[in-house]
K.L.:
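Sending over a structure as structure tokens; questions will come in a sec.
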Amino acid sequence: MRQILNFNTEWLFCALDEPRIKHKDFKDVHFEEVHLPHTNKLVPHHYFSEKDYQFVSWYRRHFEVPADWTGKSLIVEFDGVMSAAEIYVNGASVGEHQGGYTSFSFEISKWVVIGESNVINVRVDSTCRPDIPPEGRLVDYMLFGGIYRNVRLIVTSSVYIEWASYAWKDVTSQEASMDGIFRINNRGEARTFMLHTSLLNSEGDVVEKVTTTIAAEVGESEVGQMTMKVDNPHLWDIDDPYLYVVRTTLCDMGEERFEHDDLTTRVGIRSAEFRKDGRFYLNGNPLKLRGLNRHQMFPYLGGAMCERGQRKDADILKEELGLNFVRSSHYPADPSFLDRCDEIGLLVFEELPGWQYIGDVQWKNKALLQLEEMIVRDRNHPSIFLWGVRINESQDDTEFYLRTNALAHELDPSRATGGVRAIHGSEFLEDVFTYNDFTRNREGKILQPNHSPYLITEYMGHMYPTKSYDSVERQIKHALGHAQIQNGQYGVPHVAGAAGWCAFDYNTHQDFGSGDRICYHGVCDIFRLPKFAGYFYRSQMEPGKQPVVFIARYLIPSFNEDFRDVVPVFTNCEEADLFVNGVKVASERPDYVNYPSLPHPPIMFTGCSWWEWGSSLLTSLKVVGKIGGVAAAEHELFPVGMPDQLAMLADDLELIADGADCTRVVVALQDSKGQTLQLAHHAVSFHVEGPGRLIGENPFSLEAGRGAVYIQAARTPGIIRCIANVKGVMVAEVVIRSEVLQAQIVPIPQRTKQLY
Ligand code: GAL
């Protein structure tokens, strides 16, 4: 039966391109020990160059092959190596993979020596590769380098299941049917095998079982099919993301007990379709899509964020920003991000790698291959509702896009395709017209749809970049710009939805952004901390999930030209009361005049010039949101005070001692009332004790009074203390426990262990 082993730990890294490294006996004593996911270069969060990580490096891992793996298939699977990887086992070339955003695997059994020490080497080319999508021309995001996602070793029989696809159709709450397709790889004898496919509910009970047969020649990959019917399925939905497990077992004919391989895949039963009326329907119910685009980049680590951080991003998008969908711009996401989207009910529009540029025939073939790799890897995720099969904002190319559409439909007949474009009149070959609408964003408007179904895939972004420490006026305008466009899309029923550009600020090249290598296009900063616009999105979630009240101002004396006497409040409450110094001065309802279509228009208290904003007599400004006449949430502002305390919060207090697991630690300089001081750029110094290290700048200069670093666990478990201070006076501490890695890891030979 299949064993899936952790192959992330105890790698050796060399930041030089030295071809002799591939040899088994290369002296690697001076290599740096690293653990995956790994970035080839830690960078500051801004002001650095892409040249810093654009180099070739080598990764090397010694491993043992125990005697009981004799005759087995050993499959090494990489989730992502940027941008090209050459794999060598014991000096022999196993293969090459090009493209940093898709997973790939190699069967390596014929190169390993049983019972001995073996070595796998990976030459990682992170230079700019114009021959590999998305590159070819300058791209508005950094690619970063390294083996930056997980690696695992699958140990299974000489005949095994390469992949399985489970596509649901005719889904209702009474019944659903599933078309299963499998690819079997047979390195053993030619024969006919049996495949048992079971559907297990969340309690682990088998609810359906189907058996089918498949004949496989030696050395061949064979594709088999099956169907399954399910009565009264528990449907996957955004509010109830119920997951089943499909377990497929590959056995010899007649001898059910001899099982060669088994594959366990999480699935969700749901229908997701765009209909002729232009709307999107989930399980037959119309759902207006409200989303943001997400780049996978993180400060310091580039793309090399561990599973925990990937999953946290999904949580932020769903729980903190109240979205029902995310566009995985402009490439396939880390598998753990998608897993989390399945678990929490966040829909995903995933697209092939690319940005505005289409290369030559070879380049296009590589793009097609990456599209195939993406769909084969990800088609069982219930969260994915749409495939992007057009290079983001590229020109028309009929022949190429007929091929990408046909390939997507062939690999996954159950999902629609979209093709993100910036030209309204461009050729429409997909199922959904997906359009980046930047045309009249400054007026808060969108274009009328020219096709159906129609999904707006970007807006705002470079039209109004806003930093978390920009003026209050700009922050309010930025947030209201997002609000106006969402209002616009909600107002047109046959617009299926809209995703703003973008969720998080991200690192970019010299030709884009603000000169410091950041595009400040996010509704959150690069640390994932919300700007005012982030609170606008949060306020659109249903109050039953979380009532929201956020006053989009600070209590500061400076007069604000555009919003001088306005107190904007982002809320999902039905009405709100405004209190000044504890005395109620006004009650207001959502602004249905200017935002008639939003689920939850902001509440704008106007005419608030009856007190001096800067007066020392003004001691508190409070808004209480009410639902059904009852107070549901409140937000209170006080005159901004002096730095008084350093707040520090870790997302997690427990880590796994695998050398890569890390958690974000947010710091904020606050006044005595706990208000973060928006103009504080003070330096925060960190000190870490115990088996962990700081990932980040030290000292770190606050932005908008806040920021974040990461604490990464070492390989030894224990207690990690992170102590921070500002000027040695304001001190804060977090204590994190790191625990033993429970997963089974690929064994390390005794001899090489001593080398480290
Ligand atoms: C779009 C592009 C995005 C990003 C955005 C900035 O044209 O698709 O990747 O560059 O502009 O607003």
Side-chain angles (χ1 to χ4, degrees), residues 46 50 100-101 133-144 291-297 303 325-333 348-358 367 386 388-397 401 418-426 430 432-447 455-467 470 474 477-479 481-482 484-486 497-526 531 533-534 537:
H46 65 162
E50 61 272 22
Y101 296 103
E135 299 200 272
R137 238 180 19 211
L138 210 52
V139 175
D140 168 28
Y141 48 90
M142 288 195 177
L143 274 70
F144 296 103
L292 289 165
N293 285 266
R294 175 209 184 226
H295 266 308
Q296 67 173 10
M297 262 165 268
F325 98 102
V326 57
R327 173 171 169 229
S328 173
S329 50
H330 302 293
Y331 38 75
V348 182
F349 169 24
E350 193 172 53
E351 68 186 351
L352 84 169
W355 201 82
Q356 294 191 348
Y357 166 83
I358 305 176
L386 184 66
V389 303
R390 190 177 164 120
I391 303 295
N392 174 65
E393 296 188 338
S394 55
Q395 68 273 32
D396 287 340
D397 186 327
Y401 290 134
V420 174
R421 68 210 55 238
I423 301 167
H424 212 229
S426 60
E430 295 78 25
V432 182
F433 194 83
T434 41
Y435 178 60
N436 289 349
D437 187 346
F438 291 106
T439 42
R440 296 179 64 192
N441 286 182
R442 298 297 299 277
E443 300 159 48
K445 297 212 170 81
I446 52 165
L447 289 185
L455 178 69
I456 299 165
T457 36
E458 292 182 29
Y459 55 85
M460 286 295 279
H462 60 281
M463 307 309 294
Y464 208 72
T466 300
K467 302 174 187 72
D470 273 340
R474 193 170 181 100
K477 284 184 185 169
H478 180 231
H482 279 268
Q484 277 159 352
I485 293 169
Q486 279 294 338
W501 189 266
C502 59
F504 312 126
D505 292 347
Y506 57 95
N507 292 123
T508 190
H509 296 283
Q510 174 182 350
D511 289 24
F512 306 95
S514 295
D516 62 347
R517 303 300 196 274
I518 291 188
C519 272
Y520 291 94
H521 299 167
V523 304
C524 297
D525 64 20
I526 200 165
K531 305 173 189 173
Y537 282 95

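Computed from a prediction, not measured in an experiment: that's the story for all the values here. Indexing begins at 1, ligand by ligand and atom by atom, following the structure's order.
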K.L.:
Does a side chain donor of either Glu430 or Tyr401 reach within less than 3.5 Å of an acceptor in the other side chain?
P.N.:
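Short answer, no.
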K.L.:
Is it true that Lys531 and Asp470 make a salt bridge, defined as a side-chain N closer than 4.0 Å to a carboxylate O?
P.N.:
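Looking at Asp470 together with Lys531, the answer is no, because their closest N to O distance does not fall below 4.0 Å.
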K.L.:
Which atoms of ligand 1 are found less than 4.0 Å from any heavy atom of Asn392?
P.N.:
2 (C), 8 (O)
K.L.:
Within the structure, is a non-hydrogen atom of Phe512 found at a distance of less than 4.0 Å from ligand 1?
P.N.:
no
K.L.:
Please determine if His295 has a nitrogen or oxygen closer than 3.5 Å to a nitrogen or oxygen of ligand 1.
P.N.:
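In this structure, His295 places no N or O atom under 3.5 Å from an N or O of ligand 1.
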K.L.:
Would you indicate which of Asp140, Asn436, Thr508 comes nearest to atom 4 (C) of ligand 1 when only heavy atoms are counted?
P.N.:
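Going through Asp140, Asn436, Thr508 one by one, Asp140 has the nearest heavy atom to atom 4 (C) of ligand 1.
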K.L.:
Does the gap between the ring centers of Tyr101 and Trp355 come in under 6.0 Å?
P.N.:
no
K.L.:
Taking only residues two or more places apart in sequence or in another chain, which ones pass side chain to side chain donor-acceptor pair (under 3.5 Å) with Tyr435?
P.N.:
none
K.L.:
Do Asn436 and Glu393 have side-chain atoms, one donor and one acceptor, less than 3.5 Å apart?
P.N.:
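Looking only at side-chain atoms, Glu393 and Asn436 do form a donor-acceptor pair, the distance falling under 3.5 Å.
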K.L.:
For His295 and His330, work out which heavy atoms get closest and say how close.
P.N.:
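Nearest pair, atom of His295 first, then His330: CE1-CD2, 4.0 Å.
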K.L.:
Please work out, at 4.0 Å between heavy atoms, whether the side chain, the backbone, both, or neither of Asn293 comes within that distance of ligand 1.
P.N.:
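None of Asn293 does.
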K.L.:
Which donor-acceptor pairs under 3.5 Å do side chains of residues 133-141 form with protein atoms, sequence neighbours excluded?
P.N.:
residue	atom	partner	partner atom	Å
Glu135	OE1	Arg129	N	3.1
Arg137	NH2	Gln356	O	3.2
Asp140	OD1	Thr508	OG1	2.5
Asp140	OD2	Tyr506	OH	2.8

K.L.:
Could you check whether any heavy atom of Tyr141 sits closer than 4.0 Å to an atom of ligand 1, since that is the contact criterion I want to use?
P.N.:
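The answer is no, since Tyr141 has no heavy atom less than 4.0 Å from ligand 1.
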K.L.:
Scan side-chain atoms only and decide if Arg327 and Thr457 contain a donor-acceptor pair under the 3.5 Å cut-off.
P.N.:
no
K.L.:
Which of the atoms in ligand 1, numbered in the order shown and given with their element, are less than 4.0 Å from a heavy-atom of Gly461?
P.N.:
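Those qualifying, in numeric order: 12 (O).
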K.L.:
Looking at His521, which atoms of ligand 1 are within less than 4.0 Å of one of its heavy atoms?
P.N.:
6 (C), 12 (O)
K.L.:
Indicate, as side chain, backbone, both or neither, the part of Glu393 found under 4.0 angstrom from ligand 1 when only non-hydrogen atoms are considered.
P.N.:
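For Glu393, the contact with ligand 1 is made by the side chain alone.
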K.L.:
What residue and heavy atom of the protein are closest to atom 12 (O) of ligand 1, and at what distance?
P.N.:
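Scanning the protein heavy atoms, the shortest distance from atom 12 (O) of ligand 1 goes to His462 ND1, 2.5 Å.
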K.L.:
Assess His330 for proximity to ligand 1: is some non-hydrogen atom of it under 4.0 Å away?
P.N.:
yes
K.L.:
Write out the residue and atom name of the closest protein heavy atom to atom 3 (C) of ligand 1, then the distance separating them to 0.1 Å.
P.N.:
Glu458 OE1, 3.4 Å
